[in-house]
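Note that this is a predicted model, so its numbers are computed, not measured.
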Amino acid sequence: MGLEEAKQKIFRYCAYQERCHSEVRNRLYTYGLYRNDIDNIITYLITEGFLNEERFAKAYAGGKFRIKQWGKLKIKIELELRGLTKNCIAIGLKEIDNADYNKTLEGLIRKKQLQLDEENTFVLRDKIAQYIIHKGYEPELVWTTIKAIIPK
């Protein structure tokens, strides 16, 4: 694939949705480009506003929370795996409103409680906590909320 054709493809790729640098770099490598060409293209994409990691972090964090109901810990780990800086990750996580976060957590607890048929309160709490902690919510917050919703 030629350099100009690769540029046009990557412009469309970036215009379709927010992307992080590592996604774009990996895509450019699949086009068979040299590292120097890839660096030049990425620099151009950044200067022209096609690539912005803060914008990506906001879109990613907000989307994963609203659509998949992921917790902040899971979102943070996923953003770290994509090579974003701590500052970008913090900016992205600010997109999640604390009131919405707590409301979603309570909703997940109540929904899971209805799905489980467990007589023992302690076992029920434990199963719910495992499920929600796996979704990336902070363990202390999960347990505090579960104890408030499901008393002994």
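The shortest non-hydrogen separation linking L84 to E53 is CD2-O, 3.7 Å. When all heavy atoms are compared, the tightest approach of P151 to T121 is O-CG2, 3.6 Å.
Residues C88 and L79 fail the side-chain proximity criterion, which asks for heavy atoms closer than 4.5 Å. Between L3 and I41 there is a side-chain heavy-atom pair separated by less than 4.5 Å. Within the 4.5 Å cutoff, the side chain of Q69 has no heavy atoms near those of the Y101 side chain. For the pair Y60/E95, no side-chain contact is recorded, criterion being any heavy-atom separation below 4.5 Å from C-beta on.
Under the 4.5 Å side-chain heavy-atom criterion for Ile, Leu, Val, Met, Phe, Trp and Tyr, V123 and I132 are members of distinct hydrophobic clusters.
Remark: K72 is not positioned above the aromatic ring of Y137, lacking an NZ or CZ atom under 6.0 angstrom from the ring centre and at most 45 degrees off the axis.
Remark: aromatic rings of Y44 and F11 are close, center separation under 6.0 Å.
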Q | Working for side-chain contact (heavy atoms from CB on, under 4.5 Å), residues I38 and Y31 | A | CA-CA 10 Å; I38 291 173; Y31 296 161; over 6 Å; no
Q.
Checking Q17 against R19 for the side-chain contact (heavy atoms from CB on, under 4.5 Å) test, could you report, in this order, the C-alpha distance in whole Å, the side-chain angles of both residues, the deciding distance, and whether it holds?
A. CA-CA 6 Å; Q17 76 180 38; R19 308 283 182 185; 3.4 Å; yes
Q: Please step through side-chain contact (heavy atoms from CB on, under 4.5 Å) for the pair L124 and N120, ending with a clear verdict.
A: CA-CA 6 Å; L124 176 67; N120 187 327; over 6 Å; no
Q) Between D100 and F65, does a side-chain contact (heavy atoms from CB on, under 4.5 Å) hold up when you go through it step by step? A) CA-CA 10 Å; D100 289 343; F65 171 68; 4.1 Å; yes
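At distances below 3.5 Å, at least one donor-acceptor pair connects side-chain atoms of R125 with backbone N or O atoms of I150. E23 places a side-chain N or O within 3.5 Å of a backbone atom of C20 that can act as its donor or acceptor partner. Listed for the S22 side chain is a donor-acceptor partner under 3.5 Å among the backbone atoms of R82. Under a 3.5 Å cut-off, the side chain of D37 and the backbone N or O of L33 do not form any donor-acceptor pair. In this structure, the side chain of R55 engages the main chain of G49 through a donor-acceptor pair within 3.5 Å.
Comment: E106 does not engage K103 in a salt bridge, judged by the lack of any side-chain N to carboxylate O separation of less than 4.0 angstrom. Between K74 and E78, none of the side-chain N atoms (NZ, or NE/NH1/NH2) sits under 4.0 Å from a carboxylate O, so this pair counts as no salt bridge.
Taking a 6.0 Å sphere around NZ of K76, one finds it holds 12 or fewer heavy atoms contributed by other residues, nucleotides or ligands. No more than 12 heavy-atom neighbours from other residues, nucleotides or ligands sit within 6.0 angstrom of OH on Y34.
In the model, Q130 has a side-chain atom that pairs as donor or acceptor with a side-chain atom of D126 under 3.5 Å.
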